[in-house]
Amino acid sequence: MKKRIVCMLLAGGQGSRLGVLTSSMAKPAVPFGGKFRIIDFPLSNCVNSEIDTVGVLTQYRPLALNAYLGTGQHWDLDRNNGGVFVLPPYMTEHDGRWYSGTANAIWQNRSFVDQYDPDYVLILSGDHIYKMNYTKMLRFHIDHKAAATIAVLKVPMEEAHRFGIMNTDETGKIVSFEEKPKQPKSNNASMGIYIFDWKKLRDYMERDDADEKSENDFGKNIIPNMLNAGEKMVAYPFEGYWKDVGTIQSLWEANMDMLGDPPLLDLDDPSWRIYTRNPVMAPHYVSKEARIKNSLVTEGCVVRGEVEHTVLFCGAKLEEGGKVFDSVVFPGSKIGRNSIVHKAIIGENATIGDNVLIGEPPKEGEVIDNRLTGDIALIGNDVTIPDGTVIPRGAVVTQETLSQFVNGGTNA
Amino acid sequence: MKKRIVCMLLAGGQGSRLGVLTSSMAKPAVPFGGKFRIIDFPLSNCVNSEIDTVGVLTQYRPLALNAYLGTGQHWDLDRNNGGVFVLPPYMTEHDGRWYSGTANAIWQNRSFVDQYDPDYVLILSGDHIYKMNYTKMLRFHIDHKAAATIAVLKVPMEEAHRFGIMNTDETGKIVSFEEKPKQPKSNNASMGIYIFDWKKLRDYMERDDADEKSENDFGKNIIPNMLNAGEKMVAYPFEGYWKDVGTIQSLWEANMDMLGDPPLLDLDDPSWRIYTRNPVMAPHYVSKEARIKNSLVTEGCVVRGEVEHTVLFCGAKLEEGGKVFDSVVFPGSKIGRNSIVHKAIIGENATIGDNVLIGEPPKEGEVIDNRLTGDIALIGNDVTIPDGTVIPRGAVVTQETLSQFVNGGTNA
Amino acid sequence: MIQDAFGLIFTGEANPYMRDLTLSRAVAAVPFGGRYRVIDFVLSDFVNSGIRNVGIITQKNYHSLMDHLGTGKEWDLNRKREGLFLLPPFSTKDNTGVYRGDIDAYHSIMQYVRHSNQKYLILSGSHTIFNTTFEKILAQHKETGADITIMYNEDASFDPEEQNRDLRLLFDEDGMRVKELEWYPRYPRSNFRSCEIMIIDKALFEDLVEESYSRGGIDFVRDILLTHVHELNIMGWRYDGYVARIDSVNTFFRHSMELLNAPEAHDLYNREHPIYTKVKDEISAKYGEHADVHNVVMADGCKVDGTVENSVLFRGVTVERGAVVKNSIIMQGSKIRAGAKLDHVILDKGVTVTEGRMLNGFEGLPLVFRKNLTV
Amino acid sequence: MIQDAFGLIFTGEANPYMRDLTLSRAVAAVPFGGRYRVIDFVLSDFVNSGIRNVGIITQKNYHSLMDHLGTGKEWDLNRKREGLFLLPPFSTKDNTGVYRGDIDAYHSIMQYVRHSNQKYLILSGSHTIFNTTFEKILAQHKETGADITIMYNEDASFDPEEQNRDLRLLFDEDGMRVKELEWYPRYPRSNFRSCEIMIIDKALFEDLVEESYSRGGIDFVRDILLTHVHELNIMGWRYDGYVARIDSVNTFFRHSMELLNAPEAHDLYNREHPIYTKVKDEISAKYGEHADVHNVVMADGCKVDGTVENSVLFRGVTVERGAVVKNSIIMQGSKIRAGAKLDHVILDKGVTVTEGRMLNGFEGLPLVFRKNLTV
């Protein structure tokens, strides 16, 4: 049955920069903010914007994402007509190919979109934290009689070089587009949120698909091609909190942003609920000895130690004498007695033994590969850290790299 | 969360022998019996047997099947834990392959099954019409402490050579297995319904996957290997209606089987409902001039002509003076004024013009390729037959082959 | 699609003119058209208009309705936020469980109205059937700046014995502004009859209801509209499609027969705007060797081996060999045994007519047999 | 997983000993344990036992329960066949809408019992809380061939002022067959108390109820069990896990505090058998700069910047800076403003305690503040 607009969510790949945290799920399923997963944000934005048909494009572990999304009921997306569908790149008898780029992912799933014969298609990225009413953007798109509308955010001029920059005239029409320009002409950064007229986009994708030199990417190919062809493209100005959480550092920062008073993004907004798959767990328990400040604590947690400026996800446990500061502890992780965790992300179902120190200054001569993490210590999903281990700040600990810390570790 | 048993439904490929009818959907989505699609039968059997987790393995048009199944609510399979999932062969970063055989399809989706940590797995084919309580079969499997249980049906001895034949000892233990034997030793035909201990099956599939010479097929590889290894395998005797509808002739016959009084398979059984996605259509309308006998007529139909010994699916229309005998008319098809249809299958949304004759004896010298159809005329999905066309019995008419009939056609 | 309006359907009590058909159900729950209930039409109208927030005010005898509507799944109204709200009579201290009138009812569910996020309220009754969407009437309501816009059609039929919530509109010269209203008129001066659909700003609705309630007002039409017709800016919006008012057994019968004979009644089966109803998982209707069926609307699950003419058969009806059914309405699951003969008869659900039995009603006086009876 | 039994939960009316906590709700709907309602426990017990067909008999004041249970989605009981059945009091000719006793209620829903496909009926009350599954009691019931099997536990507590459906079992020598029953005993001779769970063959249940109903029987325990205790083969099945009986404000308070201090009460939060409840989409609890929280059970959505000790906080409670909450139970959405001090207090949902206010109850006499009050 016909829909006015269909959303295609680019849930992307394995998220190599978040690799350690995505061993069992795609990047959009990375936990966020105590109760949520990243994908809850674009999905909730859709539902709150009355968009009820969402295709989730993923190349990585579609089964796990399928299981997480289920019938879509948790996001109110269990619809008779429409709903949420995971769309992996599937094989056909003749061929099958890995999504070669963002535009190719949509192109390969054009028949999914065609089923609903929509006038418009909304393209989203799966790794941004924000609240946005896409219906307002659609109205803007319609009012401007645009072929494409791109949501933009004003960023500090000195950071503009890290973004795709949309240069517009005074009416909001995009006159040029530069990907990560060295000398940015403006500070309108693309948020990776596009509305297209579906027929028009379909044409451009078809031509793009035929072009062997193309990388089949929205930013690199489709948008420049449309601009060059003189299509009317407009920038939709967005104001408010928006964060790309594609790196360990930005993921940590965004979690810390939720601890402010008021938080930088209000997750507890009755007019704009963020939906998630609620775990079935008991209320959290705080023992006599515990001490908690400036933190988020979620159902299923048991806290017997000290927690400050930290996000504890559902089912996290902290034993007596343990201390956690400036950290993010993912669902189901356990931290043992008298262990101290400082500025770290602890992956899902990780087990930290007793008397472990995480986030310590490196010992003299110790060299830590912290290109991914800066000064944030990162413990991978399902990793078990033995009693007494010392993990320096910025270290990345996986089952594979664990041994280098265990052997050198001393009890503080 | 753990499940005792998980069902994997081999929905198969394009169904080349039913090709003309599967242009937009996989074989299991071929209509049957007025209101149903073939896949409704195994799915309803699962639900009625209290099996609530079903993976549907398909290589062909997973999107359309996904859209048909939706959240699973129509089959009561919209579960918080479990439900129905379409599993196409998906690409991974490293590789992706077309399901090379029935066993390979399961092997590629082992992580889907593992999510539920089941003791048993039920393997079904997607192109059989029958009602069966799999729970009884599971109890049989458990009681016999078998590694594998295969459902068998006694077929007439003279037809046994067309089936996989299970030779059993007096206790029901399978002693040997022959695929389509020329000299069958017994008439216990395999119905393509297996229950395995999941761990055991997983082992055999793993070894099979490593064997480069294997065709990765249950009948050809897994079952013979298990037998050779001395695993206890038992035959579960089934009595009742069971029909493979993988050919045009058997599909036509099975539809005709529903017209008997009583029908060979009672679809209207309150204790064993067959669920389907009910179309939202008005009751059917029968005009003053109409005449209907020995037929099934479904909601959305409009009948102004004569119908005898025929199955009309939802939304089929027959104009004044039209006559349909011994035929199967799929959803949304229209038959024009004074047209006569005899022993035919009319595909979905086909349009038969006025004064068309279908299923006539061939004219002198006319040669019809009826290898697929015998004496059944077959009109493909979405085909439009112009006024006055004559289609001989056994002919297969698609958009491509249509011209040969139109040019030679004369108005009766 | 309408985004800024929500719906409220008032389902009244049984209507005495409906005789045994409303013995254990509201008019809203009376079966109509072979597979529907009366309320399915207006509820589908809401859904097809894009409205996602609909409250249904129920009274005594609401179990049949509750069972039919369930969670609202069939209408895609089983939503986390909004969706379908069944508003049964509350038995609290304020309230004895039965409403004196609709103002009472509106007052008691005012919290639902206040909590609804939309600006406009589309107020509906539940005995009028039509298949349309409300985009145009809402657009007119906004353009004209009316206080209240009433959907009406032209309907010359009038029977003083069968009036049910009969509201007629008289316009001033421009033909749009309502200058007078007639409520159950003895001698109607207008053929423009309300279709039981009114659009009103939700804040104005709350004002009018609460003000009237506090002064003892009972009936929305009588105590609010009639009283304030000159102060309020009430407009009409004319609907020219097919409208069926289920006021009495006779009108029920006549409108059912129009499905067979009046082409304009096919509006109701418009494919563009499907009418949703509870799914029953019935199989196709089965015609036997001796079936002889002409001019009939028939739902799935029927088994017919006899003669059926000029009739409406609901789901799962059996007509055995040799039975003859003419000019009749046979509801769900009824069985006509061999040799029975029916003419101008309405069988409610689950009635069994025994072998050889003859049942004859007449034009203008169809016989009604109540639910689960064996005759 | 149990395939051959179905469940029937009788939710009674308000209990006077519960005071304001049951002002507008049944005991079954009383909030317990930080995020649950009393009924969630037994309903989850059914679901965790694999039972897919559960009827809930409601009485007056069932709206809160209806709202909580909704379509049964959270319990995965929103099924096409079977699932969750809310059985509200019918207002038909036979019945005035209020049950005189449970036999009345069982009689009026006997059609549901007859239509259920399972052989065994697990009958449950709704004021007893435990977390288990019913596989073992059902297996014993089948093995012993008992007519009725009653789940009981040993509970030495007794307060004649707070008895609520207090049924005690006395066994013969083998310790399993019930030889005598005590119903609201003044001087109890047994500490073996029924957990309000009984297994009975559905056909026997129908017989006993209909026979008793026809002779004017009102109460299942008094008019059936006590009358027939010598003829029926009644067995006991002993449960040794944690059991909380919500008989009165005092027991409610005591059992809530046991969640903090009695390790055996953690049975109720057993992860293997999760307790399902209505989802609210709350965010994580937020602790502020000045939070000082010890020995507390706290649900999601709370915002705490004050001192909280030995207390249970339900979802969405706010404790402002400088407020002190001790030995208290604070239900959903209540707000404790800056500087307020609470000790031995129960706040029902949505209570606001204004700035600086002091509220003190005592051990054995907690103060209860009713829903939506501002103090």
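Excluded from the calculations below are hydrogen atoms, water molecules and symmetry mates; all remaining heavy atoms, backbone and side chain alike, are included.
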Could you list the residues that satisfy ring pair (Phe, Tyr, Trp, His ring centres under 6.0 Å) with D:Phe369, not counting sequence neighbours?
none
Select one option (side chain, backbone, both, neither) describing which atoms of A:Pro270 are under 4.5 Å from chain D's heavy atoms.
neither
Nearest heavy-atom pair of D:Pro274 and A:Val280: which atoms, and what distance?
CB-CG1, 3.5 Å
Under 4.5 Å, counting heavy-atom pairs only, tell me which of A:Lys293, A:Arg304, A:Glu299 racks up the most with chain D.
A:Glu299
In short, D:Tyr36 meets A:Ala282 closest at the heavy-atom pair OH-CA, 3.3 Å
Nearest heavy-atom approach of A:Pro283 to D:Gly33 is CG-O, 3.3 Å
Rounded distance (nearest 0.5 Å) linking atom CG of D:Asp281 with atom NE2 of A:His74:
10.0 Å
Counting only heavy atoms closer than 4.5 Å, note whether A:Asp78 contacts chain D via side chain, backbone, both or neither.
side chain
Has the side chain of D:Lys286 got a donor or acceptor atom that lies under 3.5 Å from a matching backbone atom of A:Leu296?
no
Best-contacting candidate, A:Leu267, A:Ile292, A:Thr276, A:Asn278, against chain D by heavy atom pairs under 4.5 angstrom:
A:Ile292
If you count the non-hydrogen atoms of other residues, nucleotides and ligands that lie under 6.0 Å from CD in A:Glu289, is the total more than 12?
yes
Using a cut-off of 6.0 Å, state whether more than 12 heavy atoms not belonging to D:Lys280 lie near its atom NZ.
yes
Counting only non-hydrogen atoms closer than 4.5 Å, does A:Met281 touch chain D with its backbone (N, CA, C, O), its side chain (CB onward), both, or neither?
both
Measure distances from D:Asn261 to the heavy atoms of chain A and classify the residue's part below 4.5 Å as side chain, backbone, both or neither.
side chain
Under a 4.5 Å heavy-atom cut-off, does chain A meet the side chain of D:Leu268, its backbone, both or neither?
neither
Whatever's closer than 4.5 Å to a heavy atom in chain D on A:Phe36 counts as side chain
Greater than 12 external heavy atoms within 6.0 Å of A:Lys243's NZ
yes
Residue by residue, scan residues 293-327 of chain D and write down, ordered by number, those that have a heavy-atom distance under 4.5 Å to chain A; if none do, write 'none'.
D:Val293, D:His294, D:Asn295, D:Val296, D:Val297, D:Met298, D:Ala299, D:Asp300, D:Lys303, D:Arg315
Partners passing ring pair (Phe, Tyr, Trp, His ring centres under 6.0 Å) against D:Tyr242 (at least two apart in sequence or in another chain)
none
Taking all atoms of both residues into account, what is the closest heavy-atom pair of A:Lys35 and D:Glu282, and its distance?
CD-O, 2.9 Å
A:Glu308 CD to D:Glu289 CD distance, which is reported to the nearest 0.5 Å:
7.0 Å
Are the side chains of A:Val303 and D:Tyr287 in contact, using a 4.5 Å heavy-atom criterion?
no
Check each atom of A:Asp268 against the heavy atoms of chain D and say whether the ones under 4.5 Å are side chain, backbone, both or neither.
both
Check each atom of D:Ile283 against the heavy atoms of chain A and say whether the ones under 4.5 Å are side chain, backbone, both or neither.
both
Report the residues that fulfil ring pair (Phe, Tyr, Trp, His ring centres under 6.0 Å) with D:His127, sequence neighbours left out, ordered by chain and then residue number.
none
